[in-house]
Amino acid sequence: MRAYSRKELKRRRRAVAEAVGPEGVLIMPAAREVIRNRDVHYPFRQNSDFAWLTGFPEPDAVAVIAPRHRSGEFTLFCRPKDPERELWDGRRHGVEGAVEQFGADTAYTREELDEQLPVLLADRERIFYPLALDPEFDLCVLNWLQAVRAKARSGVTAPSELVSSDGILHAHRLIKSAAEADTMRRAARISAAAHRRLMRSARPGLGEQQLEAIFLNACAERGARHQAYQPIVGGGANACVLHYVDNDDDLRDGDLVLVDAGCELDGYASDITRTFPVSGRFSEPQRQLYDLVLKAQQAAIAAVKPGKRWDAPHKAALRVLTRGLVDLGLIEGDAADVPQLIKDEKYKPFYMHRTGHWLGMDVHDVGAYKQDRKWRPLEPGMVLTVEPGLYVSPDSDAPEAYRGIGIRIEDDVLVTEDGHEVLSRDVPKDAEEIERLMMQARRPVAAKTTPDNRTET
Ligand code: GLY
Ligand code: MN
Ligand code: MN
């Protein structure tokens with residue numbers, strides 16, 4: 001994970017310190033390495049709150065923000081330098097690097113946590129930390145609190161409030177800076193290029209796993225080694241399983257395939273879904289449902305602008321989908337009274353998830369969806385997904401032609417000052433555009449390929 005500029009990281013910490021206030025202190029642990037078996041670990045992924053605050057890439061670290069503390073506002077505890085361990089496991093920044101490269105005012109080794117944390121907590125009223133996230137860390141905080149209390153006779157006061165750090169940090173993480181938006185734009189472009197390559201490669205006889213491999217490879221080639229989540233590649237009725245990740249079935253002629261995949265770049269997620277025909281041509285019933293989902297997605301994206309509430313895109317999608325489902329005979333009801341059909345959730349058997357979520361360092365990113373119990377208004381700098389779908393189970397009593405069809409179309413959308421920017425716009429989603437792209441890929445290559453007329457992107 002590439003660290004952000006020192007200036008940006010400092011600006012983030014300053015904003016957090018303002019919210020913590022001189023009576024407060026914030027403690028944020030890094031992620032821990034998790035053992036898979038014996039001496040093999042799961043791939044390490046830094047805790048997003050910790051990464052956002054510090055840019056420090058190593059496990060086993062703890063950051064403390066103590067506004068106006070005599071030893072400085074930002075203290076970082078980390079692993080010491082250790083030539084023997086570094087020979088085996090790679091470079092460590094050590095306390096020197098914590099100060100010189102990551103801007104800590106003071107740095108200690110992890111071994112000094114129990115001695116120094118009570119000093120940092122002394123005479124503060126409240127501790128902000130990721131409350132009840134990791135029972136082991138909860139216990140550490142309680143022990144440090146006890147240690148401060150033990151000094152009461154020497155005139156030290158101990159904090160009396162434990163407060164979740166989520167409110168402070170997540171309010172900031174929700175609004176992306178220009179640098180963050182740019183990283184997310186680059187992540188979405190890489191995923192878009194990978195989706196295009198995968199669409200061109202799809203054909204009957206390949207397996208879901210092979211499409212997944214094409215996606216992973218195309219992302220890695222472009223500098224994104226990690227995925228934001230496990231790719232979903234569902235051919236035919238597998239697309240009706242919302243979180244299908246087996247990806248081990250064959251792709252069959254006449255079926256659609258749903259691909260929900262997005263890389264992570266420098267700690268930021270992309271999250272894109274496209275659904276297209278394995279053979280390169282939609283059948284009539286597939287096209288009817290596809291065009292309906294696309295129309296719903298376009299209506300939902302049009303509702304993304306500052307001042308619109310969070311649920312405006314969802315409501316826009318529901319209006320289009322519900323009306324379309326009546327017209328196609330999948331739900332019974334009065335086409336003239338769509339609001340009542342929506343109230344009765346008639347769409348639910350075919351559309352059972354919401355139309356999107358916040359996107360950022362985490363794929364289902366942090367940030368409150370409601371303020372004062374009402375859906376919050378969208379603001380410039382927020383990034384959300386817009387992902388309506390329709391899933392007609394093979395066991396459904398819908399008209400037979402539609403059974404076993406699952407479709408989702410998902411884009412990543414940045415709220416701008418005057419509307420929105422679709423970060424993932426580089427993957428085609430119009431049915432005819434998809435067919436054209438897939439047909440082009442099937443034409444035998446005529447002339448020699450030069451860098452100037454290469455179609456591969
Ligand atoms: N890929 C997970 C989601 O779309 O929410
Ligand atoms: Mn997705
Ligand atoms: Mn999503």
Side-chain angles (χ1 to χ4, degrees), residues 45 48 173-174 176 183-185 187-196 198-199 208-209 211-212 214-216 218-219 224 226-235 238-247 256-265 267-276 290 293-294 296-298 300-301 303-304 310-314 316-318 321 350-367 369 378 382-391 406-415 420-429 434:
R45 166 58 160 78
S48 295
R173 276 181 54 194
L174 178 56
K176 275 69 181 175
T183 305
M184 294 188 72
R185 193 174 287 117
R189 280 192 186 143
I190 291 173
S191 293
H195 271 279
R196 288 199 306 271
L198 170 158
M199 260 185 203
E208 295 167 346
Q209 204 173 95
L211 289 196
E212 178 180 0
I214 291 166
F215 188 87
L216 299 179
C219 291
H226 301 290
Q227 296 294 303
Y229 55 93
Q230 255 186 288
I232 296 167
V233 183
N238 295 336
C240 298
V241 180
L242 296 180
H243 288 163
Y244 176 80
V245 287
D246 290 345
N247 301 355
L256 296 179
V257 56
L258 180 154
V259 181
D260 181 346
C263 70
E264 176 175 290
L265 184 74
Y268 287 79
S270 55
D271 182 7
I272 306 178
T273 308
R274 289 294 183 266
T275 310
F276 54 92
Y290 186 87
V293 175
L294 182 60
Q297 205 230 12
Q298 285 163 337
I301 290 177
V304 177
W310 162 258
D311 64 336
H314 184 55
L318 286 185
L321 290 175
F350 308 109
Y351 184 43
M352 54 299 278
H353 59 77
R354 292 193 63 90
T355 302
H357 49 83
W358 301 131
L359 185 70
M361 297 190 83
D362 300 328
V363 61
H364 294 165
D365 205 33
V366 295
Y369 289 94
L378 298 175
M382 292 174 167
V383 181
L384 59 146
T385 66
V386 178
E387 49 176 307
L390 284 176
Y391 313 90
I407 295 165
R408 179 163 62 255
I409 306 174
E410 176 174 31
D411 279 305
D412 304 343
V413 185
L414 167 71
V415 184
H420 61 255
E421 176 187 341
V422 180
L423 302 176
S424 48
R425 61 181 173 270
D426 294 348
V427 210
K429 59 183 173 184
I434 291 176

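Remember, it's 1-based here, ligands and their atoms both numbered in the order they're listed.
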Checklist entry - Below 3.5 angstrom, do we get any N/O pair linking Arg408 and ligand 1? => result no
Next on the checklist: Could you walk me through whether Val257 and Val233 satisfy the side-chain contact (heavy atoms from CB on, under 4.5 Å) test, starting with their C-alpha distance in whole Å, then the side-chain angles of each, then the deciding distance to 0.1 Å, before giving a yes or no?
Outcome noted: CA-CA 7 Å; Val257 56; Val233 183; 4.0 Å; yes
Checklist entry - Ion pair present between Arg274 and Asp411, side-chain N to carboxylate O less than 4.0 angstrom? => result yes
Checklist entry - Looking at Glu410, which atoms of ligand 1 are within less than 4.0 Å of one of its heavy atoms? => result 4 (O)
Checklist entry - Between Phe276 and His195, does the ring centroid distance fall short of 6.0 Å? => result no
Checklist outcome for this item: Among N, O or S atoms, Glu410 approaches the Mn ion (ligand 2) most closely through OE1
Checklist entry - Name of the Asp271 N, O or S atom nearest the Mn ion (ligand 2)? => result OD1
Item to check | Protein heavy-atom partner closest to atom 5 (O) of ligand 1 - residue, atom, separation in Å | outcome: His364 NE2, 2.7 Å
Checklist entry - Looking at atom 3 (C) of ligand 1, what's its closest protein heavy atom, distance included? => result Asp271 OD2, 3.4 Å
Checklist entry - Is there a heavy atom of Val363 sitting under 4.0 angstrom from any atom of ligand 1? => result no
Checklist entry - Under 30°, 30 to 60°, or over 60°: which ring-plane class applies to Tyr369 and Trp358, parallel, tilted or perpendicular? => result parallel
Item to check | Passing candidate, side-chain contact (heavy atoms from CB on, under 4.5 Å) with Met199, options Ile434, Val259, Leu211 | outcome: Ile434
Checklist entry - Where the Mn ion (ligand 3) is the corner point, what angle links OE2 of Glu387 with NE2 of His357, to 10°? => result 80°
Checklist entry - For Gln209, does the CD atom sit with more than 12 other heavy atoms under 6.0 Å from it, leaving out its own atoms? => result no
